[in-house]
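This report refers to the structure that appears directly beneath it.
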Amino acid sequence: MLVPPWLESLLSTAFFTICPRHREAPRSECNMFCLDCSSSDAFCFYCRSTQHRDHPVIQIRRSSYHDVVRVAEIQKVLDISGVQTYVINSARVLFLNERPQPKSSTSKGGVSHLCEICGRSLLDPFRFCSLGCKLVGIKKSGDANFNLSTKNEETRDGQGRRLPSKEEEEELREGSQRDMYTSTPIPPQYSTSRRRKGIPHRAPFGS
């Protein structure tokens, strides 16, 4: 399964509404999402402590009125390779869904990195601008994946490039150690040159 069952629900959920159960509380905005509850809506801090205490929960944040999630949280449950990330308030985040493209940026020429789905300009050579665009890309071509890599699968970096497996890393490490500890043979001319310079040959001890 390329897409976890809760992902589409996450991307379509409306966050930052006021929780009807804790309307008067100071932290009543619904910015939490549960990965276990199949019919989970967004909920607040207090609902988490009472109804989702032992469930895997991620917190959604806001950047310029758009929903983002911290990379440190989402990468534990999703393979986010190929999705552009940003540093906002000292934390690396990615956007949940496609954002409207500013007209000024669409008219600029020479943009080298574009989202494969919506055409949004990207800062780095990634394939998608958001989790939503990666989801569309998976449904169209199936050449990407949201599932975390297993031991037998290839792992890739943030830009989708293949990383060496543990076996390959071990071979490289052993090879470098062999090169490091291989002794350099003494040239045969070395002892001859010493004798020519008048250095006496010493007999072995005890002879």
Side-chain angles (χ1 to χ4, degrees), residues 3-4 6-37 40-106 108 111-137 144 146 148 155-161 163:
V3 180
W6 50 263
L7 180 59
E8 293 191 58
S9 177
L10 168 68
L11 299 180
S12 61
T13 296
F15 293 97
F16 295 96
T17 58
I18 301 301
C19 177
R21 298 185 182 91
H22 307 96
R23 189 177 299 275
E24 304 300 325
R27 302 175 64 179
S28 60
E29 59 183 9
C30 296
N31 62 347
M32 305 279 184
F33 185 85
C34 181
L35 307 184
D36 271 359
C37 301
S40 177
D41 293 323
F43 50 89
C44 74
F45 169 81
Y46 305 101
C47 290
R48 176 182 184 176
S49 61
T50 57
Q51 301 178 31
H52 306 274
R53 179 177 300 175
D54 299 323
H55 297 178
V57 171
I58 58 175
Q59 181 177 351
I60 306 303
R61 304 167 194 272
R62 273 280 168 98
S63 174
S64 300
Y65 303 101
H66 296 287
D67 297 335
V68 300
V69 61
R70 285 185 174 179
V71 170
E73 290 187 55
I74 196 68
Q75 69 181 0
K76 297 177 182 179
V77 293
L78 279 183
D79 178 358
I80 59 172
S81 60
V83 181
Q84 174 73 66
T85 61
Y86 302 86
V87 177
I88 300 175
N89 295 331
S90 302
R92 186 163 292 278
V93 303
L94 52 79
F95 286 88
L96 295 191
N97 290 295
E98 171 189 348
R99 294 165 290 153
Q101 181 82 335
K103 292 183 180 180
S104 58
S105 61
T106 56
K108 291 181 180 179
V111 178
S112 57
H113 310 304
L114 297 174
C115 176
E116 295 180 6
I117 303 304
C118 69
R120 184 180 184 87
S121 59
L122 304 176
L123 301 177
D124 305 300
F126 288 93
R127 298 180 58 188
F128 310 105
C129 70
S130 62
L131 293 178
C133 282
K134 181 173 181 178
L135 176 61
V136 175
F146 272 122
L148 293 175
T155 56
R156 298 180 181 272
D157 62 10
Q159 299 179 10
R161 296 174 299 193
L163 296 176

Checklist line | Audit row: I58, L10, side chain to side chain contact (heavy atoms under 4.5 Å, CB included) steps and yes/no | finding: CA-CA 10 Å; I58 58 175; L10 168 68; 3.9 Å; yes

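The number of heavy-atom neighbours closer than 6.0 Å to CZ of R61, taken from other residues, nucleotides and ligands shown, is above 12.
With sequence neighbours excluded, the residues satisfying side-chain contact (heavy atoms from CB on, under 4.5 Å) with Q51 are R21, C47. For Y46, the ring-ring contact (aromatic ring centres under 6.0 Å, His included) criterion is met by H22, not counting sequence neighbours. Contacts of R53 classified as side-chain contact (heavy atoms from CB on, under 4.5 Å), with partners at least two apart in sequence or in another chain: none. Taking F43 as the reference, H52 meet the ring-ring contact (aromatic ring centres under 6.0 Å, His included) condition, with sequence neighbours excluded. Shown here are the side-chain contact (heavy atoms from CB on, under 4.5 Å) partners of N97, two or more places apart in sequence or in another chain: L11.
For the pair K134 (side chain) and S81 (backbone), a donor-acceptor distance under 3.5 Å is present. Judged by distance alone, the side chain of R120 and the main-chain N or O of P100 form a donor-acceptor pair under 3.5 Å. Judged by distance alone, the side chain of S28 and the main-chain N or O of E24 form no donor-acceptor pair under 3.5 Å.
The two atoms that bring Q84 and L94 nearest to each other are O-CB, 3.7 Å, heavy atoms only. In plain terms, the two heavy atoms of R92 and T85 that are nearest each other are NH1-OG1, 2.8 Å.
Screening residues 61-92 for ring-ring contact (aromatic ring centres under 6.0 Å, His included), with sequence neighbours left out, gives Y86-F95.
If you take CG on L135 and CG on L78, they are separated by 10.5 Å, rounding to the nearest 0.5 Å. Taking CD1 from I60 and OG1 from T13, the interatomic distance works out to 8.5 Å, rounded to the nearest 0.5 Å.
Residues S121 and L114 meet the side-chain proximity criterion, which asks for heavy atoms closer than 4.5 Å.
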